[in-house]
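In what follows, a structure is listed as structure tokens, so that the remarks can point back to it.
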Amino acid sequence: MQQQHYKLGRHVRVADHLYRYSATKKYYAVFKCNGKTKWVPLNTTDRELAGRKLKEEIAKYKKTDPKASTMTLEALLTLYEQSIHGLAEHTQETRKSILAAFKKTWTHGLDMQVRAVTKGQIRIWLSEQQARLKNSSYNEYIRFVRHLFAIALDHKVIGDSPAADFKQVKVDNPIRPTPTWEQFLAIVEDIRKQKFNADATDSADLVEFMGRAGVGTAECANMLGEHVDLAGDRITLYRKKTDFGYAIPIFPQLKPLIDRFKAEGKINVGQPVFRTRDSKKALNAACKRLKFPHFSSRALRRCFITRAIEPGVDFKTISAWQGHQDGGVLIAKTYSHLRNEHSDNMAKKLVA
């Protein structure tokens with residue numbers, strides 16, 4: 001059989017730091033980095049495109065630190081875990097669960113160098129996770145890889161992030177059940193009636209406050225006695241997740257509860273107002289006993305907002321009561337249909 005012979009080419013210098021291989025006509029970037037000569041394939045035969053890619057490659061290597069460039073993926077994950085310590089407790093739990101999933105399912109080993117991780121490897125890992133996740137949860141994984149390699153950029157381990165181009169997917173807006181005011185009051189009463197539950201009163205107090213004040217568990221957990229201004233009829237709230245404080249009036253529907261707290265000695269400087277931090281278990285059990293839909297603690301906030309909209313409180317004011325800083329845009333977008341429904345019902349009262 002006749003043996004085939006292949007003609008080998010040679011690298012020809014065409015400009016500073018730019019060479020072309022004569023056999024394939026493809027270009028290479030050639031430059032010194034940390035005392036060593038780097039040959040980087042530019043994967044193009046186009047002279048103009050090769051020039052642009054050359055500048056990008058040189059700029060990328062200038063952004064890296066030689067001492068940090070050998071960092072392993074395991075070391076980067078340690079830095080990531082340290083970076084989330086200041087986040088809200090619930091957010092930390094979410095990030096840590098994704099971190100654990102990454103360590104368990106990343107098939108290329110955690111001892112590989114960060115600079116060796118490719119966009120293709122990340123894409124495959126994300127697609128494997130996406131198959132079992134809802135869109136909202138999948139977006140958390142997207143945020144995870146972006147944050148992870150952003151840390152690598154900050155430490156000059158890499159010049160470009162392989163996760164930068166991954167986009168979040170559209171999240172469906174599910175229909176979330178919201179209790180009527182009557183259902184809310186029934187839930188509070190049912191929780192209080194559980195005589196054999198030592199936490200029944202504390203749980204009922206928390207649930208009732210959330211519904212009457214329109215706040216969430218995070219704000220309640222950070223609420224101390226000095227935050228309740230009885231003379232000024234105001235309560236100061238703090239949302240740790242966004243590091244933002246705001247104030248709400250002591251609404252007429254809330255005042256009897258606050259007065260009872262004061263009479264029972266529950267409002268003391270330096271002391272938490274609520275003895276329990278989470279009403280989830282009590283709320284779920286009450287809904288089950290009453291044969292109501294599953295109402296979450298966020299449903300109590302929606303109940304408050306709905307009750308405020310019906311008598312005509314404007315979106316901007318409700319937004320301020322919720323600690324939003326968008327002037328009512330989100331509230332209007334989410335709840336404008338309720339105002340239309342209420343308006344239509346009121347119009348029916350104008351009989352001929």
Side-chain angles (χ1 to χ4, degrees), residues 88-91 176-194 197 199-225 227-230 233-242 244-262 264 266-267 271-290 292-310 313 317-324 330-331 334-335 338:
E89 186 176 344
H90 175 72
T91 305
R176 297 182 175 91
T178 301
T180 64
W181 190 250
E182 291 72 22
Q183 287 176 320
F184 160 67
L185 295 177
I187 288 170
V188 172
E189 183 182 1
D190 182 83
I191 296 174
R192 289 197 190 281
K193 289 194 305 185
Q194 305 310 308
N197 185 344
D199 299 323
T201 298
D202 293 335
S203 296
D205 285 346
L206 179 59
V207 170
E208 185 171 1
F209 180 83
M210 288 194 294
R212 291 185 181 275
V215 299
T217 53
E219 291 91 331
C220 293
N222 295 312
M223 187 172 156
L224 303 178
H227 296 153
V228 182
D229 180 5
L230 295 171
D233 277 340
R234 301 189 72 76
I235 297 174
T236 301
L237 300 166
Y238 173 67
R239 187 172 292 145
K240 185 177 179 181
K241 183 176 182 179
T242 56
F244 179 73
Y246 63 101
I248 61 171
I250 297 180
F251 308 106
Q253 66 187 26
L254 176 61
K255 187 167 177 53
L257 182 63
I258 296 298
D259 289 342
R260 181 166 63 78
F261 284 177
K262 180 64 176 177
E264 294 175 354
K266 294 182 177 179
I267 301 178
Q271 297 296 320
V273 174
F274 300 101
R275 296 192 180 100
T276 182
R277 297 173 63 91
D278 191 357
S279 62
K280 184 177 179 180
K281 186 175 180 180
L283 193 54
N284 289 346
C287 290
K288 188 174 181 179
R289 286 190 295 267
L290 295 169
F292 286 168
H294 168 67
F295 295 129
S296 66
S297 57
R298 290 190 178 187
L300 303 179
R301 189 193 295 263
R302 293 194 296 272
C303 177
F304 170 87
I305 294 173
T306 302
R307 182 171 168 81
I309 288 173
E310 289 178 347
V313 180
T317 300
I318 297 172
S319 176
W321 292 344
Q322 293 299 299
H324 296 177
L330 179 61
I331 296 292
T334 309
Y335 295 93
L338 293 177

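- In this structure the side chain of L283 never reaches within 4.5 angstrom of the side chain of S296, judged on heavy atoms.
- Pairing each heavy atom of R301 with each of G216, the nearest pair is NH2-N, 3.0 Å.
- Within the 4.5 Å cutoff, no side-chain heavy atoms of L330 are placed close to those of S319.
- Contact between A213 and L254 at its shortest, heavy atoms only, is CB-CD2, 3.8 Å.
- Not counting sequence neighbours, S297 has no partner by the side-chain hydrogen bond (donor to acceptor under 3.5 Å, both in side chains) test.
- Scored by the side-chain hydrogen bond (donor to acceptor under 3.5 Å, both in side chains) test, Q253 finds R307 as partners (sequence neighbours excluded).
- By the 4.5 Å heavy-atom criterion applied to side chains, I309 and I318 are counted as neighbours.
- Note that CD1 of I258 and CG of D229 are 11.5 Å apart. Values are rounded to the nearest 0.5 Å.
- Residues passing the side chain to side chain contact (heavy atoms under 4.5 Å, CB included) test with P272, sequence neighbours excluded: L224.
- For T178, the side-chain hydrogen bond (donor to acceptor under 3.5 Å, both in side chains) partners are R302, not counting sequence neighbours.
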Inset, instruction - Apply side-chain contact (heavy atoms from CB on, under 4.5 Å) to the pair M210 and E219, showing each step before the final yes or no. - result: CA-CA 9 Å; M210 288 194 294; E219 291 91 331; over 6 Å; no
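- Taking the salt bridge (charged side-chain N to carboxylate O under 4.0 Å, His left out) definition, one finds that K193 meets it with nothing, sequence neighbours left out.
- L206 and C220 make their closest contact through CD1-CB, 3.6 Å (heavy atoms, listed as atom of the first residue, atom of the second, distance).
- Taking every heavy atom of both residues into account, A299 and P177 meet most closely at CB-O, 3.6 Å.
- M223 has its side chain within reach of V228: a pair of non-hydrogen atoms, C-beta onward, lies under 4.5 Å apart.
- You'll find the side chain of N222 stays beyond 4.5 Å of the side chain of L237, heavy atoms only.
- Between F184 and F292, the distance separating the two ring centers is not shorter than 6.0 angstrom.
- Among pairs with a residue in residues 272-290, those fulfilling salt bridge (charged side-chain N to carboxylate O under 4.0 Å, His left out) read D190-R289, D202-R275, at least two apart in sequence or across chains.
- The CG atom of L290 sits 9.0 Å away from the CD1 atom of I191 when rounded to the nearest 0.5 Å.
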Inset, instruction - Start with the C-alpha distance between F295 and I187, add both sets of side-chain angles, then the distance that settles side-chain contact (heavy atoms from CB on, under 4.5 Å), and finish with yes or no. - result: CA-CA 10 Å; F295 295 129; I187 288 170; 3.8 Å; yes
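- No side-chain donor-acceptor contact under 3.5 Å links S279 to the backbone of A282.
- Among residues two or more places apart in sequence or in another chain, the side chain to side chain contact (heavy atoms under 4.5 Å, CB included) test is passed with D199 by N197, S203.
- Take D233 and apply the salt bridge (charged side-chain N to carboxylate O under 4.0 Å, His left out) test, not counting sequence neighbours, and it matches K255.
- In this structure, the ring-ring contact (aromatic ring centres under 6.0 Å, His included) partners of F209, at least two apart in sequence or on a different chain, are F274.
- L185 meets the side chain to side chain contact (heavy atoms under 4.5 Å, CB included) test with W181, R212; sequence neighbours excluded.
- Residues Q322 and I305 have side chains in contact (heavy-atom distance under 4.5 Å, counting atoms from C-beta outward).
- Aromatic ring centres of F251 and W321 lie closer together than 6.0 Å.
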Inset, instruction - Walk me through it: do L230 and F261 pass the test side-chain contact (heavy atoms from CB on, under 4.5 Å)? - result: CA-CA 11 Å; L230 295 171; F261 284 177; over 6 Å; no
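- Applying the side-chain hydrogen bond (donor to acceptor under 3.5 Å, both in side chains) rule to R192 yields the partners D205, E208; only residues at least two apart in sequence or on another chain are considered.
- Within the model, atoms OG1 of T317 and CD1 of I331 stand 11.0 Å from one another, a figure rounded to the nearest 0.5 Å.
- Residues passing the salt bridge (charged side-chain N to carboxylate O under 4.0 Å, His left out) test with E264, sequence neighbours excluded: R260, K266.
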